[in-house]
Engineer: 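For reference, the structure I am asking about is given below.
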Amino acid sequence: MKLKKKIGKFMQRVVDHAMGNGLMQEETAASGEKYITPGISALIRRSGAEGCVLLKNDGVLPLKEGEEIAVFGRCQLDWFCVGYGSGGDVHAPYRVNLMEGLGNMGAKYNRPLAQAYRAWCGSEEHRADEGWWGHWPMNHPEMPLAAHMAESAAKTSDAALVVIGRAAGEDRENTLEKGSYYLTEEELAMLDAVTAAFRRTAVVLNIGSIMDMEWTERYGERLSAVLIAWQGGMESGNALADVLYGKVNPCGRLADTIARRYEDYPSSGHFGGREYNEYAEGIFVGYRHFDTCAKEAVLYPFGYGLSYTEFRLMPKSLKRSAHGAGGPEGAVTEMVVEVKNIGGCSGREVVMLWCHPPKGCIEKPAHVLTAFAKTRELAPGESQELTLKCDDKAISSYDERRHAFLLEPGEYRFAANDVEAGSFLLQETAVVEKCEAVCSPEVNLRQRILDNLPGEAAVKRDKAPILGDVASGKDTMDDFVAGLSDDELEALTRGHGMMNSPLGAPGNAGVLGGVIPGLREKGVLPVVCADGPAGLRLQKYCALVPCGTALACTWNCELVEELYRLVGAEMKHYGVDVLLAPGMNIHRNPLCGRNFEYFSEDPLLSGKMAAAVVRGVQSMGGACCPKHFACNNQETKRNICDSRLSERALREIYLRNFEICIRESSPHTVMTSYNKVNGVWSHYNYDLVTTVLRREWGYEGMVMTDWWMQKSGSPEFPKLKNNAYRVRAQVDVLMPGDMGHVAKKYKSDGSLLKTLGQPEGITRGELQRTARNVLELVLKIKYGEKGEKR
Ligand code: BGC
């Protein structure tokens, strides 16, 4: 059996290698001290606990001290702390599973049962298989539960806890099968046996993204409680114990809609395509679909989550203030609401400001989330006033004929959660923002690019000054760039050529900037990148933080920012400059393997969470790299698949989250996605990266590719191939550096400089523009104001 598995792994690796899959599988072991950044464990625990979402509770939770619980399900030990791939592959110094968490809490649990699980899970035959890149287990086969085990446990224990776990990841989609999206026969048998023996059964779900939950209805009252604990990082067990025993009152809310059946998700018929996916549902993703036309299909709505206490919301005022002259452009709607804890124990409430727009010529969702806030911990009887604000863009619709975000006339009604909060009336259509048509075959892209080609700002000279002198203001960036040779300009547009570069900390994802000696001599220091988002992916022990979905479910941006401030401190400790995070693609479909890394089906929640991550990390001097820009909504054939969607869906859903993140947190870098968007790979996509990101949103940072890219030539400028095509789009840096999937050393394919100076070739102005984007990053994170190296 073991030998068979080994041969299987080997053969699969050969195939993966030949096909260029699984490139990220640096087999890395951690070494060195088990360093733990001061304070980070407590924050991981708190955010893990705040992310837990209580879906159902008849009073069994919180568990009472002294009550004995019987814990079923092997994930009590083989707990999934995170999902798989670059976004989860962190060498945590420790991982607390549920049983350890209960032990730390001093909880009373059924010892013989716990012992039976320990023996079974620890046996050679049943030990959890870790799998390998792209072939990780989605679940661990459950221990068959003889009926008498549940019955005898019920004789001494007061309540049962059943744990069910799942994981998916990069290159590893969830599937519509038992053991992934659905429960297995063994899990159902376990639920049957436990609910037959116990009067009170609570189910805990240890998952990274939505799975089928229809069975919660089928079991009905036989289930006393259902709690989603997600994948809470290295403090998972402690965080969950806090919630189970009421040390933390559940205050997580769903970041996605849980529908009755998979088929109810509007993308279900258009997911998993190997060449393309038609985003036929348009903007009607998640609650935008369900709350508009399929309410009956919802099992647990977006934003849902119970508490051990109760709150009353009293909206106090709603006002709309127009900024500046000329009407609604830039107007802000502001709601003040009082939240009172009217229950019996302390807790926190999440307030969501919903807008119900009027019907008009443009089809709109029934309502959209426009802002949210979380109260502090309120004691019984205590109140807090919260102010929530949203700008007009949050309530506007994109009109594809006028290429503008509009407010159509009519009444805009607002609600705080489900309490009416007021409205305003708009007499006439208001243009919130005028845009250019993008990512559409109808655009004359060639002309657009030609109209915006940069001139050669810095005229070539013999020698560049030292970058430190640019930092201190002694020299200008123009002078510096003018003195770079063609080869140096080329080197700035790509990484050092490999993952785990010797220029950076062991296990790094790649290095950019000072990748050749000539550049380093001029003070261009190497910039070291490491994955994210669940912590640093290095050959070092690093903190493993809760998965993105769990963080989104906290609805607590301050907490997430604080947590990532400490991740930023850890970056400093290990010499990492850029965290390849946050992952922030929209949860378009529950089967996407990387949903665990990403935040939500909703762009506002996703954008705000991402901005919190960026602010946290960058406050410590490092850089973030929101990814994957844009429409990386599945793992199947992710590097060739085309995401085909309307401009409206692109702008209102799939770019909106990035826009919020960019505008609110100014990340120093952004990563493009592997896939195509309406026929053009993101790493060549001028409209995405130059027209929208830089021109419309004013982004001034650097853009890098996801790891390696597909070769292609520009349809608009046939001479431009590969790197020249990429640099014209202002995708500045090819990471980790070479085009070959197997080469360990950088080999230039010559495509960038080949056409330099030729008619319609790449221009020096474009090379300089990209060089500036990269050098500004080096200045920001490697130099102080006086020109000193950091
Ligand atoms: C992933 C990125 C990751 C990069 C480096 C790629 O396969 O898509 O998210 O940052 O590898 O590990």
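For clarity, every value in this text was computed on a predicted model and none was experimentally measured. As the structure lists them, so they are numbered: ligands from 1, and atoms in each ligand from 1.
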Engineer: Under 4.0 Å between a side-chain nitrogen and a carboxylate oxygen: does that hold for D706 and K627?
Structural biologist: no

Engineer: Counting each atom of ligand 1 from 1 as listed, which ones have a heavy atom of M499 under 4.0 Å away?
Structural biologist: 12 (O)

Engineer: Backbone, side chain, both or neither: what part of R638 comes under 4.0 angstrom of ligand 1, heavy atoms only?
Structural biologist: side chain

Engineer: Look at ligand 1 and say whether M735 reaches it with a heavy atom at a distance under 4.0 Å.
Structural biologist: no

Engineer: Show which atoms of ligand 1 fall inside a sub-4.0 Å distance from at least one heavy-atom site of Y674.
Structural biologist: 6 (C), 7 (O), 8 (O)

Engineer: Within ligand 1, which atoms have a heavy atom of M671 less than 4.0 Å away?
Structural biologist: 10 (O)

Engineer: What residue among E281, H587, E278 forms side chain to side chain contact (heavy atoms under 4.5 Å, CB included) with S267?
Structural biologist: E281

Engineer: Any nitrogen or oxygen of H628, main chain or side chain, under 3.5 Å from a nitrogen or oxygen of ligand 1?
Structural biologist: yes

Engineer: Hey, are D732 and T770 close enough side-chain-wise for a donor-acceptor pair under 3.5 Å?
Structural biologist: yes

Engineer: List ligand 1 atoms under 4.0 Å from R537, heavy atoms only on the residue side.
Structural biologist: 12 (O)

Engineer: So that I can tick it off, tell me whether R651 and E659 are bridged by a salt bridge, with the cut-off set at under 4.0 angstrom between side-chain N and carboxylate O.
Structural biologist: no

Engineer: For F80 and H140, take the angle between the two ring planes, folded into 0 to 90°, and tell me which bin it lands in: parallel under 30, tilted 30 to 60, perpendicular over 60.
Structural biologist: parallel

Engineer: Quick check on contacts: which atoms of ligand 1 are under 4.0 angstrom from a heavy atom of L580?
Structural biologist: 10 (O)

Engineer: If you count the atoms of ligand 1 from 1 in the order shown, which ones are under 4.0 Å from a heavy atom of K627?
Structural biologist: 2 (C), 3 (C), 9 (O), 10 (O)

Engineer: For the pair Q618 and S665, evaluate side-chain hydrogen bond (donor to acceptor under 3.5 Å, both in side chains) and give the outcome as yes or no after the intermediate values.
Structural biologist: CA-CA 9 Å; Q618 295 196 169; S665 67; over 6 Å; no

Engineer: Which ligand 1 atoms does R594 reach within 4.0 Å, using its non-hydrogen atoms?
Structural biologist: 1 (C), 2 (C), 8 (O), 9 (O)

Engineer: Closer than 4.0 angstrom, basic N to acidic O: yes or no for E635 and R172?
Structural biologist: no

